[in-house]
Number of protein chains: 2
Amino acid sequence: MNMKVFSEKVGLSSHTLRYYEKIGLLNQVQRNASGHRVYGKKEEVWVGFIKRLKETGMPLEEVLRYATLREAGGSTLLERQHLLEKHREGLMRHIEQQQAHLSVLEEKIDLYKSGKVA
Amino acid sequence: MNMKVFSEKVGLSSHTLRYYEKIGLLNQVQRNASGHRVYGKKEEVWVGFIKRLKETGMPLEEVLRYATLREAGGSTLLERQHLLEKHREGLMRHIEQQQAHLSVLEEKIDLYKSGKVA
DNA sequence: ATACAAGTTAGAGTTCACTCTAAGTCAAGC
DNA sequence: GCTTGACTTAGAGTGAACTCTAACTTGTAT
């Protein structure tokens, strides 16, 4: 799979994919004879996971920590688990907070609907 | 209420408060004889609302649209309501997406716990 | 053979939302 | 009266995550 196809498949620009590679988030990408990148299923799954972590508000630096542990092999399993568990806690708190904000927003909208706001 | 007290009360730095003023988010702040800002309850409530919108992911530019409509008076009530309703829809979708991400994350953590991940 | 689309690199530029700096004025305690 | 801390302004600097540019090479369709 070349850059163009992969880029469209994962929904990230070629610029972004090269940027991820540069910061160490996406290593060991194969090259063909002429130096062009060749992506496979492995990269597709991994980029999908990166995107999920990012969408849940994890900064790239922490995604990179996970990526680095992952590349270090099986001895880092527990540390990776803890990293994800910590992230889950944050995500749960985030969801709760957003739900609280939603309630207040709905109250505000009700004030508008009943003409009680100037 | 002077800068220091207000800053601590609303949890934003004096820099940020002046920045909000500069971009038009916080207008008509009173000044005392020597040109220092004097904040009141009105500003406190308004900054609280700004913070809530911001925390739900609204960019400052859109908060500013709301602020501008608000200052334009009663003729913009419906437009403000629509803006908030649109934001509510986005927020609801965001919460749903985060909940989906949380489920996947929990599955991943379970894989780590049961030793099914390398 | 020739377009032209897509690939490569290093590095510069952009956007958002602050955050800080410089240079100066003002206020409160001793 | 003097130090210390808070205030003022305009404008520069920061960090995250891209996003784009220039200059060049490669691949594909006619």
Side-chain angles (χ1 to χ4, degrees), chain A residues 1-40 43-44 46-68 87 90-91 94 97 101, chain B residues 1-40 43-44 46-68 87 90 94 101:
Chain A
M1 197 171 358
N2 65 11
M3 186 84 245
K4 182 91 184 305
V5 174
F6 186 65
S7 163
E8 275 158 16
K9 201 158 191 174
V10 301
L12 293 176
S13 76
S14 56
H15 294 298
T16 300
L17 288 167
R18 280 189 287 257
Y19 167 71
Y20 279 5
E21 223 177 297
K22 185 156 67 180
I23 66 173
L25 222 48
L26 200 52
N27 296 327
Q28 290 120 283
V29 176
Q30 301 302 310
R31 300 294 183 117
N32 67 14
S34 49
H36 290 193
R37 288 170 183 80
V38 178
Y39 296 97
E43 282 77 24
E44 195 182 324
W46 173 230
V47 169
F49 192 58
I50 292 175
K51 285 188 76 182
R52 196 179 293 278
L53 291 178
K54 241 182 48 62
E55 273 163 34
T56 51
M58 188 184 281
L60 289 187
E61 198 173 326
E62 198 172 349
V63 181
L64 181 55
R65 277 222 314 127
Y66 181 85
T68 308
H87 186 55
L91 183 51
H94 172 74
Q97 193 185 292
H101 284 326
Chain B
M1 201 172 353
N2 66 9
M3 187 85 245
K4 182 90 183 308
V5 174
F6 186 66
S7 163
E8 275 158 17
K9 201 157 191 174
V10 301
L12 294 175
S13 76
S14 55
H15 294 299
T16 300
L17 287 167
R18 280 189 286 258
Y19 167 71
Y20 280 6
E21 224 177 295
K22 185 156 69 180
I23 66 172
L25 222 49
L26 200 52
N27 295 328
Q28 289 119 283
V29 177
Q30 301 303 308
R31 300 294 182 116
N32 66 16
S34 49
H36 291 193
R37 289 170 183 79
V38 178
Y39 296 97
E43 282 78 23
E44 196 182 324
W46 174 230
V47 168
F49 192 58
I50 292 176
K51 284 188 77 182
R52 195 178 294 277
L53 291 178
K54 243 181 47 60
E55 273 162 33
T56 50
M58 187 184 283
L60 288 187
E61 199 173 325
E62 197 171 349
V63 181
L64 181 55
R65 277 222 312 127
Y66 181 83
T68 308
H87 186 57
H94 171 74
H101 284 326

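Distances from the side chain of S34(B) to the nucleotides dC18(C), dT9(C), dC26(C) place dC26(C) closest. Comparing dC16(C), dG11(D), dG11(C) by their closest approach to the side chain of K22(A) singles out dG11(C). Here the side chain of H15(A) is nearest to one of dC18(D), dT21(D), dA6(D), namely dT21(D). When each of dT9(D), dT9(C), dA17(C) is scored by its nearest atom to the side-chain atoms of R31(A), the top-ranked nucleotide is dT9(C). The side chain of H36(A) lies closest to dG27(D) when the candidates are dG27(D), dA17(C), dT19(D). When the nucleotides dT19(D), dC7(D), dA17(C) are ranked by their closest atom to the side chain of K4(B), dC7(D) comes out on top.
Using a 4.0 Å cut-off, no side-chain N or O of R37(B) falls inside it from OP1 or OP2 of dC7(D). At least one side-chain nitrogen or oxygen of Y20(B) sits closer than 4.0 Å to the OP1 or OP2 atom of dC18(C).
Across the protein-nucleic acid pair, E61(B) atom CD and dC16(C) atom C1' stand 10 Å apart, rounded to whole Å. What separates CE of M1(A) from P of dG7(C) is a distance of 13 Å, to the nearest Å. What separates CD1 of I23(B) from C1' of dC16(C) is a distance of 10 Å, to the nearest Å. When rounded to the nearest whole Å, the span between CG of N2(A) and C1' of dT28(D) equals 12 Å. Whole-Å rounding puts the L64(B) CG to dC16(C) C1' distance at 14 Å. When the P atom of dA17(C) is taken as reference, atom CD of E55(B) falls 13 Å away, rounded to whole Å. Here dC18(D) presents its P atom at 10 Å from NZ of K51(A), a figure rounded to the nearest Å. Spacing between atom CG of L17(A) and atom C1' of dA6(C) amounts to 14 Å, rounded to whole angstrom units.
Annotation: E44(A), atom CD; neighbour count of heavy atoms from other residues, nucleotides and ligands within 6.0 Å is above 12. Within a 6.0 Å sphere centred on CD of Q97(A), other residues, nucleotides and ligands contribute more than 12 heavy atoms.
Taking the ring centroids of H101(A) and H87(B), they lie at or beyond the 6.0 Å cut-off.
Between M3(B) and L17(B) the shortest side-chain heavy-atom distance falls below 4.5 Å.
Where Y39(A) and M58(B) each meet DNA chain C at their nearest nucleotide, the meeting point lying more 5' is that of Y39(A). Comparing L60(A) and N32(A) by the nucleotide of DNA chain D that holds the closest heavy atom to each, the one mapping nearer the 5' end is L60(A).
Heavy atoms of R18(A) sit under 4.0 angstrom from at least one base atom.
The residues R65(B) and E61(B) are annotated as not salt-bridged, no charged nitrogen and carboxylate oxygen being separated by less than 4.0 angstrom.
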